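Here's the structure, in structure tokens; my notes come after.
Numbers restart at 1 for each chain; the letters A, B, ... are given by sequence-line order, proteins then strands. For clarity, every value in this text was computed on a predicted model and none was experimentally measured.
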Amino acid sequence: MTGKRRLERHSGEAVLALVLLALPLLLPNAYAYDIAVNAGFNAMVCVGLNLLIGYAGQISLGHAAFFGLGAYASGILTTRYGWPPLAALVCGAAGVGLLSWLLARPVLRLRGHFLAMATLGIGIIISIALNTESWLTGGSDGLMVGDFSVLGRTLSGDRAWYAVVAVLLLVTVSMSRNLIDSPVGRALRALHGSEVAAEVAGIDTARCKVLVFVLSAVLASIVGSLFVHYAGMITPARAGFMRSIELVTMVVFGGMASTYGAVIGAAILTALPQLLTAFEDYETMIFGAIMVGTMIFMPRGLLVTLAGCRWLPRRPAP
Amino acid sequence: MSVLSSAVTAAFGGVLAVLLSFTGSGALASGAVAETIKIGSFLSVTGGASFLGDPEKKTLELEIAAINRQGGINGRLLDLVVYDDGGAADKAASFVKRLIESDQVDVLVGGSTTATTMAAVPLAEKAGIPLVSLAGAVVIVEPVKTWVFKTPHTDRLAAEKIFEDLRKRGLLKIGLISEDAGFGKSGHDQSLLVARNFGIEIAADEVYSAKDPDTTAQLTKIRNTPGVAALFNFGFGQGPAVVTRNVRQLGLTVPFYQSHGVASKAFIALVGAAGEGIRLPASALAVAGQLPDGDPQKPVVLRFQQAYAEAYKTEASTFAGYAYDALHMVVEAAGRAGGVDKAKLRDELERTKNFVGTTGVFTMSPSDHMGLSLSSFHLVEIKNGDWVLLD
Amino acid sequence: MSSAFLQYLFSGLTIGSIYALAGLGFSIIYNASHVINFAQGEFIMIGAMATVSLTGLGLPLAAAIALAVAATVLVGAAVARFAIMPARGASPVTLIIITIGTSVFLRGAAQVLWGKGYHALPSFSGDTPFVVMGATLLPQSLWVLGTTLAVIAGLGWFFGRTLYGKAMLATSCNRLAAQLVGIRVSGVLLAAFALAALLGAVGGIVMTPITFTSSEAGIMLGLKGFSAAVLGGLGNGAGAILGGLIVGVAEAMSAGYLSSAYKEATAFAIILFVLLFMPRGLLGQPGSERV
């Protein structure tokens, strides 16, 4: 691989790194940092979800449940049982990995609406369980959780968290791009194109689908574990149906099959509700209209549509 | 991924940063003028607790406008920033962060529910800003937190009031049906705690969730428990209305008690004739006209009821009264404190003595951040679609 | 404890009828366009809320119901025209997001229009319950069951005897062939949505005297209606009805005998079971997939 190609391949990450470095100069107060950190968390989950939806062509309407499970695992183990946060995070991720692996094989045999409904059902059942087992989870009032600390050093404060999230986001994006350009990634894209053709070509489609499902679920769990320490609390609503829909919307809005699209989608749709509070009563309506509008007029997502814009100079096809 | 797309990414990063700075600078929040007292409020105007949050918001707007028309406090006008948390605790937490850091309010009034309040408590404590809650559970003020106060009666007081009446009527074995979260759950726990003090035995204990459209299964189980002489429902919003209807549907005729979570005409409108005969504890505001003339609360509640009815064409519920009390207590404390210094404001709030509000006569102290006793709670019964004072 | 069993059965059948109507709505739309309309629950909500506000304005109940149903039908047609038709040929994920976005939009509009509180309707024929072998049955439950039967009979006549109904069936069988024989398939899509909106509205209205309504009422109802449709076999009308009743009764029984806390999970557990072990549903046809 020539130096030029390598530069091109990593140019996106470089730009993202620059943006993340420059952003604090524009953030005026801790509240704005709060939005940025939350956008970063959402972006990480969306990058993982994008691998599943955009590249592998599957769908999951229950991903917030994995996020929630990671968050609750961390919350419960650290608050009720005194585990160190990092250990709790790893345990949560392992648990979610196991659960998603067990669920993945039977569920990913389904397609289209049926897959959507199955993942929806799983997500809802998990969020109901989180709501009901209040002896463990605190029920619908939620759970209050302490700070994240590792090796005796505590992570607290918006700026510190921003730095951590920015780094982790870069790592996640980098790993995702790596995966996409690897044989597994190509197998996924083949699968997306036509599952039968991919199988005929010798790809173990079931294994690929399970792999990317588990990967995105574990990523969501890790983000959930971090989130709960940042926010100081978790409620079952965070694992619910509407949150899953928000995540899918972020991925699809930003641009499917585009890692940076997922990041942009997450960032914009995290900041948007904050802007909409000015419209108070109309907030829900506007959000719904945006969802419908973008899907009708930009069905491949914001970034992909813009990149294909006619008035921008095009790079000649390779 | 071409360099072009990366450039587009960067452009969007820039746009996003601008958007963020837009929200952050408070350009959308009300103008920051130095000589005002900024009151930040997070209420459940929509969602399951809209019974509570909607009248609370209306009250704050009404009363603040009235105070400002009269020149404010010591020449300072009041400035209100309200966010709707929809009853979700994590949304409440994020709005409280916004109120404290972006809108830079001087005092917090809210949340409407226990869950939203408890999410805000650590933020208020950390930032050192007084918080006057409009929610019911006793856990908000027990153990006492430096910066947190509340105006409604606690769930424990409600349980005690009901148990007092039950003991008087000789109904010692009861069935309890409560919501599985928030105020209902806390009320359930408090009921279990104080029942023995009154000689009451809770023979059946069922729960339902806030969105449950049907509780006949739970009520059937209670009905089939031998010896149950009365029914007690702890909750607010849609739940108690569903329970009430189901009670009539199943033909259960035992005496039926509710908590003050339903002390609003909206509840009666929802359940209609099924509500007849229900007993519950309520504040003076519910039975304003029936108070004896010597009651110090009577002029206050009558005036408020009239102002509210004039402005909104509907009766002020006890929840509106909580907001009224919180606001006026804060206003009086600010007057005594002579400024917006948060610590001074907090101290003056704690020094509130014999403040005549709509919910009762408040006297706060370092060990009591609620300020009300059992005597300010009145037992009422629903008769002919209206509240009737019983004690 | 047979009176308790009967009690659960009655409440299960009542709520199950609403799920059946919702499921029918899903099936009709799916048949006409292979779109899963996640906004079905909002049709139920709009019918109910419109009736409440119209009676609040002073209209007699019957007129309010008629107007509310008509309004919901218009909303359904509007959804078809402005949200679904412009997105013809989009990927399944996109369509799902569109219908979910529509449901969010409708919910927001309902909040703006009708406020955020809960509302009730008076029971159509009084509140005195009948006692049947130790269990009580509300007159309104009979209204629900009766209306559902009437609607089903009406649909049966519509699809089986009228030309337009048969045209809709033909479109769902094979779109191209239907076009070739001269059926206006775009009209069929509109009609399907209008019909589904009608079913939803009717269900919502008869149910509101029993369980209240609010702008949030649509979400769960829609999802459970979908469970019913998939259980019965997506696209199969009789299946949707059967599915709805089964889901409703299963819910009531699990609340009564197992745990009232997990009641809501029942419908989704059923759905998972069906999808994993018999994805065609109870009455669905085995399909084939073009490669």
Over 12 non-hydrogen atoms of neighbours within 6.0 angstrom of CZ in A:R80 = yes

Taken in chain and number order and not counting sequence neighbours, the residues that satisfy side-chain contact (heavy atoms from CB on, under 4.5 Å) with A:S216 are A:L52, A:H63

Between A:M295, A:M285, A:M291, which residue shows the highest count of heavy-atom pairs closer than 4.5 Å to chain C?
-> A:M285

Correct closest heavy-atom pair for C:I96 and A:A116 would be CD1-CB, 3.7 Å

What are the residues of residues 36-48 of chain C, in order of number, with any heavy atom under 4.5 angstrom from a heavy atom of chain A?
-> C:I36, C:F38

Proximity of residues 99-114 of chain C to chain A, residues having a non-hydrogen atom under 4.5 angstrom | C:I100, C:G101, C:T102, C:V104, C:F105, C:R107, C:G108, C:A109, C:Q111, C:V112

Report the distance from atom [atom1] of [X] to atom [atom2] of [Y], rounding to the nearest 0.5 Å.
{"X": "A:I122", "Y": "C:I271", "atom1": "CD1", "atom2": "CD1", "value": "11.0 Å"}
{"X": "C:I97", "Y": "A:I53", "atom1": "CD1", "atom2": "CD1", "value": "7.0 Å"}
{"X": "C:Y262", "Y": "A:T132", "atom1": "OH", "atom2": "OG1", "value": "4.5 Å"}
{"X": "C:M220", "Y": "A:I124", "atom1": "CE", "atom2": "CD1", "value": "4.5 Å"}
{"X": "A:I296", "Y": "C:M85", "atom1": "CD1", "atom2": "CE", "value": "11.5 Å"}

Can you say whether [X] sits under 4.5 Å from chain A via the side chain, the backbone, both, or neither, judging by heavy atoms?
{"X": "C:I98", "value": "both"}
{"X": "C:L223", "value": "both"}
{"X": "C:F82", "value": "backbone"}
{"X": "C:L95", "value": "neither"}

Measure A:L115 against the heavy atoms of chain C and call it side chain, backbone, both or neither at under 4.5 Å.
-> neither

Part of A:L120 within contact of chain C (heavy atom distance under 4.5 Å) | side chain

Could you tell me which residues in residues 245-255 of chain A have at least one non-hydrogen atom under 4.5 Å from a non-hydrogen atom of chain C, sorted by residue number?
-> A:I245, A:V248, A:T249, A:V252

Should A:M117 and C:L272 count as side-chain neighbours, where that means a heavy-atom distance under 4.5 Å?
-> no

